[in-house]
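What follows is a single structure, written as structure tokens, with notes after it.
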Amino acid sequence: MIAAIPFIVTAGATAGPVLADVPAVWLRRLSGWLWLIALVALADVSLANENAVWRMVGICSVLLGGMKGLVYAEWAGQKKLSISRYLIFAFLWFGMDPAAFATRRANLAWKIDVRRGFALMGIGTAAALLVHRMDWRQIVVIFLPLSLGFHFGALRVLKGVLRLAGFPVRTLFRNLLETRGIGDFWGKRWNVGYSQMLQRLVGRPVAAVAGKSAGVMAVFAASGLLHELAITLPVRNGFGGPTLYFLLHGLLVLAERKRGRDFGRWPALLAVALPLGLLFPPEFRDEVILRCYGLLDFVR
């Protein structure tokens, strides 16, 4: 039942303030992860009879809400957000930095974000129309317009709106053409909030026990598992591909660090793009991405 998803998302997000009051770090982390796993399982059962698009949207929403709770519990300590600001952080922003909502500021720049965001939304929509009319099916080609419109466009507009309200949120998806290497791409260009989240919840705790290299691989392994839930679970196929994709990139980041300098822009972008078939199995392309493109049929 898709109607259950908003309640499951709320259960995940609102767990943050509760978990933040758990004094034992190990108990807080264990409880948070077990709660998230239980909520994702409940969402999967609730969406069993829905199509893959709704399963993906529902499971991703539950993951986002649950991870908000985990991040907040890890961050909070004595510097907790008010209820209203926590709700804004949890439900109105895709980033993972609660500190951005701790203090409101005046005169934050926001107009450039709104202008660029709407421009990129327009370009992404136009590119999606072209891809749809030409009936292209290569995964990179069909993914880029949607990403351009949503990740780089709509989220940029949302950033501008929140900055207008006084919250100093930062750009989540930055100019990929300025990428310097694999580590720079995943750490500073693509979904910065997601990277911050995994560093806080996985990378730093593991590195403190097993060293920096183990922390890096733990982050990429966790990213692979989360993408399994968001991509392969909704289509019930392609299991293992996302995990392999991110483990590969974890090894590339370690190789880059051992080398002592970045691989460069184009080698990094090619390393991201060429194995996308591992990340997005054909079933996800057909049952989710191309079905979303089907919404453009009205302009044919």
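Heads up: numbering here begins at 1 and tracks the sequence. Just so we're clear, the structure is a prediction, and the values are computed from it rather than from any experiment.
- Nearest heavy-atom pair across S31 and L19 is CB-CD2, 4.0 Å.
- Residue pairs meeting the salt bridge (Lys or Arg N to Asp or Glu O under 4.0 Å) criterion with at least one member in residues 23-47, sequence neighbours excluded: R28-E74, R29-E74, D44-R236.
- Between F101 and F167, the ring-plane angle classifies as tilted under the 30° and 60° cut-offs.
- Minimum heavy-atom separation, K80 to A76: CG-CB, 4.0 Å.
- Evaluation of the salt bridge (charged side-chain N to carboxylate O under 4.0 Å, His left out) rule for R163 yields no partner, not counting sequence neighbours.
- Using a 30° and 60° split on the angle between ring planes, F280 and F284 fall in the parallel class, below 30°.
- Under the 6.0 Å distance and 45° angle rule, K68 counts as a cation-pi partner of F89.
- The side chain to side chain contact (heavy atoms under 4.5 Å, CB included) check on L39 picks up I8, A11, W35, V62, with sequence neighbours excluded.
- For the side chain to side chain donor-acceptor pair (under 3.5 Å) condition, the pairs that include at least one residue of residues 136-159, sequence neighbours left out, are D113-R156, D113-K159, S147-H151, K159-T171.
- Residues passing the salt bridge (charged side-chain N to carboxylate O under 4.0 Å, His left out) test with D184, sequence neighbours excluded: R180, R189.
- In this structure, the side chains of L172 and Y194 stay at 4.5 Å or more apart for every pair of heavy atoms.
- Take A24 and apply the side chain to side chain contact (heavy atoms under 4.5 Å, CB included) test, not counting sequence neighbours, and it matches W26, L27.
- W190 and F173 have perpendicular rings, their planes meeting at more than 60° on a 0 to 90° scale where under 30° would count as parallel.
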